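Here it is, the structure, as C-alpha cells.
Start at 1 and go down the list; that is how both ligands and their atoms are numbered. In this text, all values refer to a predicted model and were calculated from it rather than measured experimentally.
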Amino acid sequence: MRALTVRPGVKGSVAVRDVPDPVPAVGDLLVQGLAVGVCGTDREIVRGEYGWAPPGRDWLVLGHESLGRVRQAPPGSGFSAGDLVAGVVRRPDPEPCGACARGEFDMCRNGRYTERGIKEVDGYGAQMWCVEPDYAVKLEPHLERVGVLVEPTSVVAKAWEQVERVGARSWFEPHRVLVTGAGPIGLLAALLGVQRGLEVHVLDRVTEGPKPSLVRELGAIYHAKDAEEVISDVCPDVIIEATGANELVLASLTGTSPYGVVCLTGVSPVGRRMTVDAGAVNREIVLQNDAVVGSVNANLRHYGQAADALAKADVSWLESMITRRVPRERASEAFTPQPDAIKVIIEL
Ligand code: BGC
C-alpha cells in the first residue's frame, strides 16, 4: 500500500512510497485511511526538527490527525464495517505511570508515552491502518468531509476541560473568552467557546483572507489590533492562547479579569529571549488568584467530546476551515506554508 513516510531528523525526507500492508492484531479494527490533517508538529517533523522512528528502523509513517472508514471490526468491538472513525494519537508508556494507568495518558508523567505519527509508532497517513477499538472514536456519518478535524478538536476539548477544572477550585462563571490566534486550534477553541454560550473574542494579525469571516460566522468577535489594547478592552475571564508567540503568551499572563484562567496550547520555538518584568507578572497573578495552565494532547474522553462538538457544528463552517485538500501522491506539497491557509489536509 502507499503511505506518507519520513525519516525523522532528516530534512526533506518526506515521501509517498510503498510500505507493507498492515496486519491487524487480535481485536484490532482494520481501517481504510480517508484523510490526514497537517499541523505545525507535522511541519516540524518534515523539517527534521521533531519526531522519532519506531525502534529498529529509520522511517516513520507520518500523520496523527486521522480519518478513516472501518473495513473489518471484530464482533463486540463496538464498531462495524462502514463506520467513520479517527484514531487516538497517544499510547501510554510501557510501564504505566499513575496517569497513564488511569487512561490519562495525555497527562503522562515520565515522558515514555508513544504517539502515532510522531513518536515511535507509525501514524495514520496510509491507505490502510489498524487501531485498537479502545483508541478509536466513531464519528457521525455526515462528518465525512470534515471528520479529520476531530484530533485538533480533541486538543481544544481538553484545553476547555482544563479551564473548567481549574476554574472549579472556587466560584467560576466566566462570560468572556479571548482566543489568541485564528489558526485551526484557535478557531476550534472559539467554536467550543460559542457552544458553551460564552462571548468569544478572537485575536489574530490578518485582516484579509478567510479568518475574519469564519470568526464572525460563528457569532464571535474578530480583532486584528494590538494585543495589549485588545486584551485591555475585552478584559477576558478566560484566555486560550493558541499561537505560542512570546509577546502574546506574556500579554496573556496578566491579561485576564480577576480569578482568570489562561490556558497555553501553543508550542513555541525555544531561544527567542525577551525582557520581562517578572515582578509585575507575579504580582498580578498572585493578587488576582489567576491561574495559568499548559495543555497538550488528549485522551479518549476528549475525543468523545470532540466528536460531539463536531456533530453539533455547522458542517459548511467546518468545511471552510479546510482551505486545501492535497491528493495523496502529491502529499509532500502539503507541508509548505501558504498565505491564508488554515487547515491543509491530505486525501488518502
Ligand atoms: C499533537 C498532540 C501531541 C503533540 C506533541 C501535537 O501536534 O496534536 O497530540 O501530543 O503534538 O507531540
Side-chain angles (χ1 to χ4, degrees), residues 4 6 8-9 14 35-54 60-67 86-93 97 99-100 103-125 129 131-132 135-137 147-162 181 183-189 192 240-245 263-270 293-307 309-310 321-322 334-335 337 341-346:
L4 176 62
V6 68
V14 67
V36 282
V38 172
C39 78
T41 301
D42 298 300
R43 286 191 290 269
E44 269 197 320
I45 297 173
V46 166
R47 291 198 304 268
E49 295 165 10
Y50 195 63
W52 297 262
L60 169 78
V61 175
L62 197 59
H64 62 277
E65 298 186 1
S66 63
L67 179 69
V88 170
V89 175
R90 195 175 280 194
R91 296 294 180 278
D93 51 72
C97 69
C100 284
E104 304 228 317
F105 43 82
D106 56 314
M107 296 294 201
C108 180
R109 301 295 202 277
N110 62 22
R112 293 183 59 209
Y113 61 81
T114 56
E115 287 182 341
R116 290 197 62 166
I118 302 175
K119 187 169 184 268
E120 297 165 13
V121 195
D122 280 336
Y124 299 106
W129 41 264
V131 69
E132 316 86 305
Y135 291 90
V137 65
V148 69
L149 296 173
V150 78
E151 194 276 343
T153 310
S154 74
V155 166
V156 300
K158 172 178 172 181
W160 270 111
E161 189 186 83
Q162 290 298 299
I185 294 292
L187 287 170
L188 292 167
L192 269 63
I240 299 199
E241 205 301 302
T243 68
C263 183
L264 304 177
T265 66
V267 184
S268 18
V270 290
V293 60
S295 183
V296 71
N297 196 255
N299 66 43
L300 191 62
R301 178 175 72 248
H302 307 121
Y303 280 81
Q305 294 164 359
L310 292 185
M321 266 189 66
I322 302 176
F335 302 94
I342 301 180
K343 174 55 77 184
V344 178
I345 70 165
I346 297 165

### Message
With rounding to the nearest 0.5 angstrom, report the NE2 to OG distance, H302 to S295.
### Response
7.5 Å

### Query
If you measure from the Lys or Arg side-chain nitrogens to the Asp or Glu carboxylate oxygens, is any gap between E65 and K343 under 4.0 Å?
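Salt bridge between E65 and K343, a charged N being under 4.0 Å from a carboxylate O: yes.
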
### Query
Should you measure from each heavy atom of Y50, which atoms of ligand 1 turn up under 4.0 Å away?
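Selected atoms, number and element: 5 (C), 12 (O).
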
### Query
Considering only the protein, which heavy-atom contact is closest to atom 9 (O) of ligand 1, and what is its distance?
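Going by distance alone, atom 9 (O) of ligand 1 is nearest to N297 ND2, 2.8 Å.
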
### Query
How close does the nearest protein non-hydrogen atom get to atom 8 (O) of ligand 1, and which residue and atom is it?
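Nearest protein contact, heavy atoms only, for atom 8 (O) of ligand 1 is E151 OE2, 2.7 Å.
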
### Task
Please name all residues satisfying ring pair (Phe, Tyr, Trp, His ring centres under 6.0 Å) with Y135, sequence neighbours left out, ordered by chain then number.
F105

### Message
Using a 4.0 Å cutoff against the non-hydrogen atoms of R90, which atoms of ligand 1 qualify?
### Response
10 (O)

### Task
Give the residue, atom name and distance (to 0.1 Å) of the protein heavy atom nearest atom 12 (O) of ligand 1.
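The closest heavy atom on the protein side is E115 OE1, 2.6 Å.
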
### Query
Is there a donor-acceptor contact under 3.5 Å linking the side chains of T153 and E151?
no

### Message
Does this structure show an ion pair linking D122 with R116, if we count only N-O contacts that are shorter than 4.0 Å?
### Response
no

Below 3.5 Å, can you tabulate the donor-acceptor pairs from side chains in residues 107-114 to any protein atom, sequence neighbours excluded?
from	atom 1	to	atom 2	distance (Å)
R109	NH1	M107	O	2.7
N110	OD1	R112	N	2.9

### Nearest non-hydrogen protein atom, atom 11 (O) of ligand 1
T41 OG1, 3.2 Å

### Task
Show which atoms of ligand 1 fall inside a sub-4.0 Å distance from at least one heavy-atom site of C39.
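It comes down to these atoms of ligand 1: 7 (O).
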
